Each structure stands twice: as C-alpha cells, then as structure tokens.
Amino acid sequence: METLKLDIQNHIAHVTLNRPDKMNALNQTAWDEITEVFGYLDENAEVRVIVLEGGESKNFCAGIDLSLLMSVSQNHTKCEGRKREKLRKDVLKLQAPINAIENCSKPVLAAIHGGCIGGGIDLVCGCDMRYCTDDAYFTIKEIDMGMVADLGTLQRLPKLIGDGSVREMAYTGRNVGGQEAEKIGIVNRSYSDKVTMMAEVMKIAEMIAQKSPLSIRGTKHILLHTRDHSVADGLNYMATWNAAMLLSADLQEAFEAKMGRREGKFEG
C-alpha cells in the first residue's frame, strides 16, 4: 500500500495513515486503500479490533488532498444533467471509505494527534471510539473553502455531540482543542501526549480483543441499528437477532471460563 500501513498482532489490527510529507492528506489512492483495507479487516477472522492512527505525520489527517478536490470539480461533460449525475456519483464514491469504516464488523478506535481537519473528521466520525492528545484539534474546514461538508460529518457528528456544538463548528470552522473535544463528546478521552494516548488506546483494544468476537460484532451491529431507529423498532430487532445468535459456542465458553476463573478462548 502507498498511503497506509497495516500490522496485525494479538487479534489487533493497527492501521496507520502514512503520508507524513502531506500531513496525511487523503488523495484518491488513500480513499481507495481505506475502502480495501477495512473490507479486508471485516472479513479477516484473526482480527477482533482495529486501531486507526496518524503515525509520524504532524497531523492525524489534513483532510482531502487538494489535487483530488480539483479533479472532482473539473468535469468537462457538456450536458449539465450528465455532469451533475457524475458529480453525485463522485461524492458517493468518496463517502464509501467512511462507510467502510463504520460498517466494518470490528470496533475501530481512532487515536488522534495534531490536526483532524475536514475529511479527517469524516474519518473519525465513522469510528466507534475516538481518543486524542491535548494538543490535537478538530475543525470542519469545508466552510472556509466555500463548501458544505459532504462525506458524513454533518450526518454523524450530530449523533455524537450536541446540536449547538455541531452548528458552531460547522458554521465557524474554528479549531476545537483536545480537552474541549473531550468535554463536548467528540472524543472519549484526551491525553497529555501521544505516547500516553497510544498506550491507553492499546489497553482498551486488548480488553476488547479478549471478549467474544461474535458478541462484539453483534453489539456493534445492534448499536448502529439502534442509532438509526426508534426504541420500539430496536427492541423488536434485538429479539429477532438474539433468537438467531444467542445460543452460540461463545456463550457456553464464556460461562465455563467464568466458572473456571480463566480467560475465555474464542474462535474468530
């Protein structure tokens, strides 16, 4: 891969954005590789949890690479209807990598340092949990580029933080620092430095990796369903889900492990 690094150990997949010379700005190759990697991790039975981080770059992610943005905006089709149709398809294609992160059956933990800008916020909003350093900052930069953020921030961020906070960020494009991000709920926790953050995030990942993979995947699926449906719909769906999934080998193993005061040993 050109723009990502992938390492898998002890059931934890470590995905690192790897364009440090471009502050991890996302070009077309990066978008394609994100879709490919998270599709692969979704199907990889060895993987139980994923950590996404910004590596050696100054920023976690500087957003969409300007070359990609320019290529999307340049459409020489003469027919206005076909031009708009293609632009719509291009935007949907750019949304696909974020959807791949969100729809990956394994929990994804984002570890954020430096700037999380524009498309970077789209990325982390697709993750299950977010952690950052105190010197990290988050900005919906699209407003300063004369754009409406179109890859998921305006759809997912309101599910994470208060409506007023989303609107302030989206209308002003101001930087929200790490400690404020923790206060308003963008991140679970903010840490003093990157070394501490990575150590704590890996502890959480290790804890998740020890649980029943079938139950973790089911829990993520149910949480996503619950987010987008009423309580009544969610409860009905939950009953149907457990009618199919409850009586698993993991249930028996978890029970026996608890009785034997040992860690459970689960299949992928």
Side-chain angles (χ1 to χ4, degrees), residues 1 3-18 32-53 55 96-112 123-131 156 159-160 188-189 197-229 233-268:
M1 292 180 292
T3 66
L4 300 177
K5 290 182 180 179
L6 174 62
D7 179 62
I8 301 174
Q9 295 185 36
N10 301 319
H11 303 299
I12 301 171
H14 203 125
V15 179
T16 305
L17 302 178
N18 188 36
D32 293 341
E33 290 183 348
I34 290 169
T35 304
E36 180 182 354
V37 163
F38 279 89
Y40 165 74
L41 295 176
D42 178 55
E43 297 293 336
N44 189 328
E46 181 184 351
V47 174
R48 300 182 182 180
V49 60
I50 303 163
V51 174
L52 174 65
E53 62 129 324
I98 315 300
N99 295 338
I101 294 173
E102 181 175 76
N103 294 327
C104 179
S105 60
K106 322 298 172 61
V108 184
L109 286 62
I112 304 152
L123 278 182
V124 302
C125 283
C127 298
D128 292 82
M129 293 101 84
R130 289 147 296 279
Y131 305 87
R156 294 186 174 97
K159 305 288 187 179
L160 303 175
N188 293 55
R189 277 179 290 283
M197 173 186 68
M198 292 307 304
E200 293 301 316
V201 169
M202 292 307 295
K203 286 180 184 178
I204 296 168
E206 290 164 3
M207 189 180 303
I208 295 171
Q210 294 172 2
K211 309 299 182 183
S212 155
L214 186 65
S215 298
I216 290 290
R217 294 194 296 268
T219 298
K220 176 167 182 175
H221 180 82
I222 292 297
L223 285 170
L224 286 173
H225 182 277
T226 298
R227 182 193 66 185
D228 299 328
H229 293 79
D233 287 343
L235 288 170
N236 185 60
Y237 186 75
M238 185 70 247
T240 303
W241 177 273
N242 260 357
M245 305 296 289
L246 180 62
L247 303 179
S248 69
D250 286 19
L251 180 69
Q252 181 67 26
E253 170 60 17
F255 178 78
E256 292 179 359
K258 189 171 183 63
M259 293 297 293
R261 296 183 180 180
R262 61 174 176 81
E263 290 187 3
K265 297 180 181 179
F266 303 104
E267 297 180 24

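Note that the structure is predicted; figures quoted are calculated from it, not measured. One is the number of the first residue; the rest follow in order along the sequence.
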For this session: Report the distance from atom CD1 of I12 to atom CD1 of I8, rounding to the nearest 0.5 Å.
Result: 11.0 Å
Problem set entry | Close side-chain approach of I50 and P107, heavy atoms under 4.5 Å | no
For this session: Looking only at non-hydrogen atoms, find the nearest pair between S105 and D42 and report the distance.
Result: OG-OD1, 2.7 Å
Problem set entry | Nearest heavy-atom neighbours spanning I34 and P97 | CG2-CB, 3.8 Å
Problem set entry | Pair T3-N18, side-chain donor/acceptor within less than 3.5 Å | no
For this session: Compare every heavy atom of A111 with every heavy atom of M198, then report the nearest pair and how far apart it is.
Result: SD-CB, 3.5 Å
Problem set entry | Criterion side-chain contact (heavy atoms from CB on, under 4.5 Å) on H221 and M245, from CA distance to verdict | CA-CA 12 Å; H221 180 82; M245 305 296 289; over 6 Å; no
Exercise. Does some side-chain heavy atom of P213 sit less than 4.5 Å from a side-chain heavy atom of D250?
Worked result: yes
For this session: May I ask you to test the L17-E53 pair for a side-chain heavy-atom distance under 4.5 Å?
Result: no
Exercise. What distance do T16 atom OG1 and M1 atom CE have between them, rounded to the nearest 0.5 Å?
Worked result: 9.5 Å
Exercise. Hey, mind stepping through N103 and F38 against side-chain contact (heavy atoms from CB on, under 4.5 Å) and telling me if it holds?
Worked result: CA-CA 9 Å; N103 294 327; F38 279 89; over 6 Å; no
For this session: Output every pair passing salt bridge (charged side-chain N to carboxylate O under 4.0 Å, His left out) with a member in residues 201-227, not counting sequence neighbours, ordered by first then second residue.
Result: E102-R227, D128-K220, E200-K203
Exercise. Any side-chain heavy atom of M129 within less than 4.5 Å of one from V201?
Worked result: no
Seminar exercise, completed: Contacts of Y40 meeting ring pair (Phe, Tyr, Trp, His ring centres under 6.0 Å) (sequence neighbours excluded), chain-then-number -> none
Problem set entry | Considering all heavy atoms, the nearest A205-V49 contact | O-CG1, 3.4 Å
Exercise. Judged by atom type as modelled, is there a donor-acceptor pair below 3.5 Å linking the side chain of E46 to the main-chain atoms of H11?
Worked result: no
Problem set entry | Side chain R130, main chain V124, donor-acceptor under 3.5 Å | yes
Problem set entry | Verdict with supporting geometry, R48 and F266, side-chain contact (heavy atoms from CB on, under 4.5 Å) | CA-CA 11 Å; R48 300 182 182 180; F266 303 104; 4.2 Å; yes
Problem set entry | Pairs satisfying side-chain hydrogen bond (donor to acceptor under 3.5 Å, both in side chains), at least one member in residues 259-268, at least two apart | E253-R262
Exercise. So, do L52 and L109 sit near enough that their side-chain heavy atoms are less than 4.5 Å apart?
Worked result: no
Problem set entry | Verdict with reasoning, H225 to W241, per ring-ring contact (aromatic ring centres under 6.0 Å, His included) | CA-CA 11 Å; H225 182 277; W241 177 273; 9.4 Å; no
Exercise. With a 4.5 Å limit on heavy-atom distance, are the side chains of V51 and V15 in contact?
Worked result: no
Problem set entry | Polar side-chain atom of N242 near backbone of M238 as donor-acceptor pair, under 3.5 Å | no
Exercise. So with a 6.0 Å cut-off around CG of D233, is the heavy-atom count from everything else above 12?
Worked result: yes
Problem set entry | Value rounded to 0.5 Å, distance of OG1 in T35 from CD1 in I98 | 8.5 Å
For this session: Mind checking the CG-CD1 spacing from N188 to I204? Nearest 0.5 Å is all I need.
Result: 7.0 Å
Exercise. Rounded to the nearest 0.5 Å, how far does NZ of K106 lie from CG of N44?
Worked result: 6.0 Å
Exercise. What distance separates T219 OG1 from I222 CD1, expressed to the nearest 0.5 Å?
Worked result: 8.0 Å
